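Notes to accompany the following structure.
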Amino acid sequence: MNDRPHSPIQDPRVNAVIARMQAARQRPPGGGPRGSFNSRDPHAYAEQGFSIHPEQGELIYLLCRGLRATRVAEFATSVGMSTLYFAAALRDNGGGTVIGSEIVPAKVETARRNLAEAGLADYADIREGDARKTLSDLGGPVDFVLIDGWPGEGGPSLAREVIEIVTPQLLVGGYVMNDNAEPDYIAFIRDPQNGSVSMTLPLKGGTELSLKVK
């Protein structure tokens with residue numbers, strides 16, 4: 001069972017995998033890639049899954065159910081926590097695909113194992129590599145995008161680069177969720193000229209949720 005008081009996901013198999021992953025969640029010493037003196041190389045953290053929290057995942061599930069979503073995308077997949085919520089929603093909507101991007105091969109394999117254990121492998125297309133390439137062509141419009149990727153060093157953040165790539169592929173009425181509040185990402189998504197309205201939710205210290213309106 002999921003260790004949260006109640007989950008909108010009713011499949012005990014999915015909830016069991018989420019509960020196991022949540023119980024095993026760990027952070028490396030010093031806070032990981034956002035620590036002042038730690039490596040920013042994503043391959044240095046192949047054993048750690050930097051993932052959304054269950055309350056964020058449950059919101060993703062509910063919004064995707066409400067949208068009747070069939071195609072969604074995420075950056076980055078990590079070990080597949082967010083992918084599970086997306087895939088469960090798409091399955092419960094009658095079918096679809098979550099297109100994920102993950103640059104660390106070991107995490108791709110872990111995510112695929114977690115999806116298989118939950119019975120959701122058929123609803124995910126995890127693309128290994130740089131999201132600026134793997135998400136450049138989603139094969140058609142998507143209903144929802146999660147931006148929860150790796151912190152960069154200098155220049156535009158990866159979140160900013162990826163949102164510029166995927167925004168044209170997002171349907172009007174679709175949502176974007178961002179987990180890390182990169183300043184240049186926030187500036188882009190809150191600029192009315194870029195077609196979205198946005199707010200910060202009190203989840204995991206601040207989660208930006210945006211709706212594409214034009």
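All residue numbers in this chain count up from 1 along the given sequence. Note that the coordinates shown come from a computational prediction; the quantities given were computed from them, not determined experimentally.
Under a hydrophobic clustering in which Ile, Leu, Val, Met, Phe, Trp and Tyr are joined whenever their side-chain heavy atoms come within less than 4.5 Å, directly or via other members, L62 and L84 fall into the same cluster.
Side-chain contact between S78 and E102 is present, with heavy atoms from C-beta onward closer than 4.5 Å. Residues V142 and T70 have side chains not in contact (no heavy-atom distance under 4.5 Å, counting atoms from C-beta outward). M177 places a side-chain heavy atom less than 4.5 Å from the side chain of T207. At a threshold of 4.5 Å between non-hydrogen side-chain atoms, the residues S196 and F188 do not count as touching.
The two atoms that bring D179 and K204 nearest to each other are OD2-NZ, 2.8 Å, heavy atoms only. For the residue pair S210 and I189, the shortest heavy atom distance occurs at OG-CG1, 3.2 Å. Summarising the geometry of Y175 relative to L67, their closest heavy-atom pair is CD1-CD1, 3.6 Å, with the distance given to 0.1 Å.
Ring geometry, F86 versus F144: the interplanar angle exceeds 60°, so the pair is classed perpendicular (tilted spans 30 to 60°).
A salt bridge links R190 with E208: the closest approach of a Lys/Arg side-chain nitrogen to an acidic carboxylate oxygen falls below 4.0 angstrom.
With R25 contributing its side chain and S51 its backbone, the two residues share a donor-acceptor pair below 3.5 Å. Side chain of R71 to main chain of G140: a donor-acceptor pair is present (N/O by atom type, distance under 3.5 Å, no hydrogens or angles).
Take N93 and apply the side chain to side chain donor-acceptor pair (under 3.5 Å) test, not counting sequence neighbours, and it matches R65, R68.
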